[in-house]
2 protein chains.
Amino acid sequence: MSERSRPRREEDLTARARIRHAALELFAERGVAGTPMRAVAARVGVTVGLIVHHFGTKEALREAVEVDIVDRFADAILTAPADGSGAEVAAARDRAVAAMLAQSPAVVDYLRRAVLDPHGERGDLVSKLSALTADQVGDLRRRGLASARSTIGEQVLTIMIRQLGQVFLQPLADRIVDEFGAGPDATSPRIVVRLEGRREVSSADD
Amino acid sequence: MSERSRPRREEDLTARARIRHAALELFAERGVAGTPMRAVAARVGVTVGLIVHHFGTKEALREAVEVDIVDRFADAILTAPADGSGAEVAAARDRAVAAMLAQSPAVVDYLRRAVLDPHGERGDLVSKLSALTADQVGDLRRRGLASARSTIGEQVLTIMIRQLGQVFLQPLADRIVDEFGAGPDATSPRIVVRLEGRREVSSADD
DNA sequence: CAACTTACTGTACGCATGTACAGTCGTTCT
DNA sequence: AGAACGACTGTACATGCGTACAGTAAGTTG
């Protein structure tokens, strides 16, 4: 995936790529339903017709945006050094993904929306990212770098919840901190998400 | 708030209340932008005109839904016993709110969307809930049941993040578990959200 | 009884939206 | 040169949207 190199300057990109980028930003900001194709076109400085020409439908544009996001995850993982112990490799990948997310807030914002919008059955973003993460875990296992004590599903769950959980909740924390007259010393604390009590049969409540 | 008692049977409610309830459910399910007023009307079995008659605009309907949600929080807190130590009172309120949330998934779903949709400046849901929580904390303090070691803002943040964080992230966890052929023994683990490193100056990354 | 209010319906209107499509311009290929 | 093609524009259209509004039926008040 992602055979093309990523040009640094937005103006150097093809119109197709610029449209996809603008769509990602606007979808992240206002949601897919809340973003008219005309808004995307205006942002890029092209006509709606061109978007249709390149992507066909709005749904296809959304799909392209999601594929692009998965590519960014895959790219980030590729940049991380793949040598050392299992823990080292995993940590390096963790850091690479975190850096990518920190650098492109639009991805985080889009993800947050996509996660809670069930939308389509299969083939949506959560499925794609789960598959990508499962590939990573499988890779580490094959090289004897990841324990096989728990199932792949459990490991994928742990990785994704830890990484995405923090990123999803941070804006809520920032909002609340902001709510109480954010002085110069008011910095949001770091949010830590943990999984516990695995395989507990959690009845209604306890 | 919430001077009216809550009838048990939906059909006994006034049309105004039934419209508000249906709007909450649909807004939670598909988002406000993704829910036409016609859909709300159809769900209740009335005409769009009646919704306009009662609420004026869609925005006002949304506002009514949000006020209703805040009322539910306030109601839940009122049902909790207010005696015992500070920790006991706080725990009882925690449980009451958690029970309310568990009983009405639509509230959770709506909240999740509202939190990440910045929408309006002030007066939106996060602000309202922050204010409500701050009232609670202030109340406990006045009765000498809450420590004044940290600021109110910090305490509100801790309470809200802990309660909402778990609830927000659970569906993501469920989705992922579901992704990996959910066997009968596949139960989502419990998600724990924690705050750490308060007031650390978090630069770009570390 | 008449005037008024309130809950409600049905229609209609203007606007925004996604998509289809005909056409223009520039490049490439033969 | 000319045909073919891809990028791109502008218009046009059906649909769906929020809202305005006239009207009806029922209950209340004078």
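The chains referred to below are lettered A, B, ... by the order of the sequence lines, with proteins before strands, and numbering in each begins at 1. Since the model is a prediction, treat every value here as computed from it, not as a measurement.
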Colleague: Of all of residues 36-50 of chain A, which get a heavy atom below 4.0 angstrom from DNA chain D, listed by number?
Modeller: A:Arg38, A:Val46, A:Thr47, A:Gly49, A:Leu50
Colleague: For residues A:Arg18 and A:Val44, report the shortest heavy-atom separation together with the two atoms involved.
Modeller: O-CG2, 3.7 Å
Colleague: Would B:Asp71 and B:Lys128 count as a salt bridge (charged side-chain N to carboxylate O under 4.0 Å, His left out) here? Give the steps.
Modeller: CA-CA 10 Å; B:Asp71 274 2; B:Lys128 289 174 194 149; over 6 Å; no
Colleague: Within a strict 4.5 Å, meaning less than it, do heavy atoms of the B:Asp109 and B:Glu25 side chains meet?
Modeller: no
Colleague: Using OP1 and OP2 only, check whether a side-chain N or O of A:His53 sits under 4.0 Å from D:dA7.
Modeller: yes
Colleague: Judged by atom type as modelled, is there a donor-acceptor pair below 3.5 Å linking the side chain of A:Lys58 to the main-chain atoms of A:Val32?
Modeller: yes
Colleague: Is it the case that the side chain of B:Gln166 and the backbone of B:Gln163 share a donor-acceptor pair, with hydrogens and angles ignored and the cut-off at 3.5 Å?
Modeller: no
Colleague: Mind checking which nucleotides bracket the chain A contacts on DNA chain C, 5' to 3', with an atom under 4.0 Å from a heavy atom?
Modeller: C:dT17 to C:dT19
Colleague: Are the side chain of B:Thr35 and the backbone N or O of B:Arg30 linked by a donor-acceptor pair below 3.5 Å?
Modeller: no
Colleague: From CG of B:Leu61 over to P of D:dT19, roughly how many Å is that when rounded to an integer?
Modeller: 10 Å
Colleague: Which heavy atom in A:Ile19 sits nearest to a heavy atom in A:His54, and how many Å separate them?
Modeller: CD1-CD2, 4.3 Å
Colleague: Within the distance-only criterion (no hydrogens, no angle test), does the side chain of B:Arg16 pair as donor or acceptor with the backbone N or O of B:Phe55 below 3.5 angstrom?
Modeller: no
Colleague: Check whether any side-chain nitrogen or oxygen of A:His54 sits under 4.0 Å from OP1 or OP2 of D:dC8, and answer yes or no.
Modeller: yes
Colleague: Please give, in whole Å, the distance from D:dA7 P to A:Phe55 CZ?
Modeller: 11 Å
